[in-house]
2 protein chains.
Amino acid sequence: MSGLPATHPLSTGILADAPLLAAFSGASPSRRPVWFMRQAGRSLPEYRAARHGNAMLEACVTPELAAEITLQPVRRYGVDAAIFFSDIVVPMALAGVEVSLEPGVGPVFARPIETMADVEALPALDDSFDAALEPIREAVALTVERLGGTPLIGFAGAPFTLAAYMVDGRASRDHLGARRLMAAQPQVWAALAEWAAAASGRFLRAQVLAGASAVQLFDSWAGSLSEATYEQFCAPWSTAALDAVSDLPVPRVHFAAHGSHLLRPMARAGATVLGVDYRLPLDEASRLLGSKTPLQGNVDPAYLGAPWETLREHVDDVLRRGESAPGHVVNLGHGVPPDADPDVLHRIVEHVHAYG
Amino acid sequence: MSGLPATHPLSTGILADAPLLAAFSGASPSRRPVWFMRQAGRSLPEYRAARHGNAMLEACVTPELAAEITLQPVRRYGVDAAIFFSDIVVPMALAGVEVSLEPGVGPVFARPIETMADVEALPALDDSFDAALEPIREAVALTVERLGGTPLIGFAGAPFTLAAYMVDGRASRDHLGARRLMAAQPQVWAALAEWAAAASGRFLRAQVLAGASAVQLFDSWAGSLSEATYEQFCAPWSTAALDAVSDLPVPRVHFAAHGSHLLRPMARAGATVLGVDYRLPLDEASRLLGSKTPLQGNVDPAYLGAPWETLREHVDDVLRRGESAPGHVVNLGHGVPPDADPDVLHRIVEHVHAYG
């Protein structure tokens with residue numbers, strides 16, 4: 001009836017008391033839940049050991065490895081959620097787009113998109129794409145089997161970010177290539193964004209059906225857009241990606257780095273929970289949203305290296321401001337920096353869990 | 001009496017009818033003035049010819065060359081202002097800080113700042129710094145001599161941007177190094193920002209006394225800060241830099257890329273005109289500022305490659321929204337991209353000047 005298999009953690013009842021899901025739905029959790037964007041990754045010595053000799057993309061599509069990396073921060077920190085270890089380019093790579101992850105550079109696409117013919121030449125997202133997602137389903141199934149009562153959040157990059165990468169070919173400061181395409185050839189942009197939304201949406205849906213109990217759509221680059229540009233050229237495809245799971249009973253978190261000016265249109269785009277970056281206090285975010293939307297965030301990663309008293313005061317400020325929302329999940333206001341000290345993150349988890 | 005030499009363009013009366021200065025002061029210009037951030041530079045073939053064989057930093061401190069490059073876009077486009085050709089690192093380099101400009105990378109500092117001892121080891125900004133600014137004064141004098149009735153805007157990087165570069169050693173996406181220093185060692189940050197404000201302020205003052213009729217303080221990175229962080233760790237030193245010319249009768253423009261959420265504290269920091277990035281419509285900016293502050297901006301550079309009808313509509317929208325401010329100078333909402341077509345910029349100037 002829920003659209004989920006009987007073995008899904010949301011079907012078996014194993015997550016009935018999960019603080020994360022209570023906070024995401026605006027109910028009362030037994031404690032303030034906390035997890036960290038990019039908690040699985042380079043900041044952990046056990047991650048560096050596990051990755052040893054495996055390329056990033058290879059690690060993402062090797063079920064045993066992806067599951068192990070996803071579980072590491074849950075074991076170490078006792079966080080209230082796992083986030084599926086992946087990269088925004090994984091669905092594109094699985095679809096057959098030529099992309100590599102270059103150390104120190106990030107994604108590099110062999111054939112940047114310029115014309116409608118380029119979009120039309122993209123791989124069809126048909127049954128073979130569905131088959132290519134099998135290692136993802138396996139990794140998710142392995143992960144949730146081992147997670148027990150801790151929920152897994154599925155992960156995908158937002159269509160704007162995927163499409164911007166495909167136009168610029170790699171990371172760029174202002175995504176001028178993508179923004180130019182919108183202005184000069186809006187039909188080409190729309191066709192590309194539609195393809196990216198389908199890839200992203202199916203990637204999310206595969207994770208949920210395999211066992212994820214929430215999803216997070218991550219927009220690395222949308223912060224470079226004005227609200228009007230976001231609404232016209234970005235929001236429709238975020239909606240399409242989120243719609244791929246909107247018939248399933250899972251919270252839909254949406255986060256845009258540097259996107260605190262876009263919270264209202266992001267909520268309208270179909271998110272049920274909004275991630276807030278470190279630049280906007282949570283009580284101001286809540287006011288903008290009419291106090292109707294559960295929030296996630298927003299400890300400033302810049303404080304991770306400060307003396308504990310300074311960091312603790314900052315975390316307490318986030319906890320207090322978070323009370324203005326109908327639900328609050330503590331997180332960072334940006335991903336864990338690669339050189340973060342895991343002991344500091346652990347201390348934050350303990351402090352948040354002890355908070356009255 | 002004005003504090004300016006009798007030979008200064010603001011003393012001689014040659015700028016009495018300059019549309020730029022009328023708009024900057026909220027008076028009625030004879031036409032809507034227009035210029036472009038980074039109008040002098042790589043997008044112009046005559047610039048590439050002039051620079052040939054000269055390193056960027058060398059060009060900035062060679063008076064004849066800096067003057068020529070500053071004048072090129074005025075000749076080509078008929079814009080209403082020249083902006084002094086320089087780079088944010090020039091005052092630091094002239095002070096004796098070890099910095100290079102690496103093609104494709106930007107500024108690279110040999111000794112990133114980490115401790116109070118590092119700050120204390122920075123060169124004193126004494127008489128020898130004043131002497132080192134002589135090529136700047138010469139370049140400005142040559143420029144204004146040739147500009148006639150077109151005003152020259154002096155240029156400097158804002159203290160936050162200078163200090164962030166000095167901490168991170170080079171450009172970084174979130175300026176995490178600088179933001180960490182603020183959180184962990186606020187006294188070290190304050191000492192560094194104070195040094196940067198003094199360098200930036202004296203650089204601006206030298207340009208004004210030598211003939212510039214306005215100044216623009218350019219903050220490349222402040223957009224990465226929350227409003228509270230901006231007010232505590234950034235604004236005091238922007239104020240200090242602008243104060244270096246606040247006794248002189250020149251408009252003080254302040255622009256922060258990606259900083260549209262900071263317009264109010266930027267106005268309080270001592271700017272008399274605010275530059276607005278492409279992400280916030282000018283009428284919304286004006287509303288935020290109580291319609292009290294002349295604005296500069298904000299044609300989206302992404303539209304420069306669009307069909308003329310699309311671009312013209314966008315420029316007209318900017319012109320209409322600009323009417324909500326007490327004065328409006330048309331500009332881009334970010335610098336001219338290196339691959340911009342000069343003919344398109346020329347067409348914008350003609351269109352703005354013909355606007356009723």
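We name chains A, B, ... by the order of the sequence lines, and we start the count at 1 in each one. Computed over heavy atoms, backbone and side chain alike; hydrogens, waters and symmetry mates excluded.
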Taking every non-hydrogen pair under 4.5 Å, which of A:D300, A:T310, A:L304, A:L311 racks up the most with chain B?
A:D300
When rounded to the nearest 0.5 angstrom, what is the spacing between CZ in A:R179 and NE2 in B:H334?
8.5 Å
Identify which part of A:H258 has an atom lying under 4.5 Å from any heavy atom of chain B, answering side chain, backbone, both or neither.
both
Using a cut-off of 6.0 Å, state whether more than 12 heavy atoms not belonging to A:E231 lie near its atom CD.
yes
Around B:E350, counting heavy atoms of other residues, nucleotides and ligands shown, do more than 12 lie under 6.0 Å from its CD?
yes
Does anything in residues 223-230 of chain A reach chain B? List residues with heavy atoms under 4.5 Å apart, or say none.
A:G223, A:S224, A:L225, A:S226, A:E227
So which atom in A:A302 and which in B:A183 form the shortest heavy-atom distance, rounded to 0.1 Å?
O-CB, 3.9 Å
Part of A:H314 within contact of chain B (heavy atom distance under 4.5 Å):
neither
If one checks every heavy atom of A:D277 against chain B at 4.5 Å, the contacting part turns out to be neither
Under 6.0 Å from the CZ atom of A:R42, do we count more than 12 heavy atoms belonging to anything else shown?
no
So does B:R268 have more than 12 non-hydrogen atoms from other groups sitting under 6.0 Å from CZ?
yes
Hey, what do you get for CZ (A:R279) to CG (B:D174), rounding to the nearest 0.5 Å?
8.5 Å
For the residue pair A:A184 and B:G305, what are the closest heavy atoms and their distance?
CB-O, 3.9 Å
Neighbour count >12 (heavy atoms, 6.0 Å) for atom CD, A:E114:
no
Around atom CZ of A:R38, are there more than 12 heavy atoms from other residues, nucleotides or ligands closer than 6.0 Å?
no
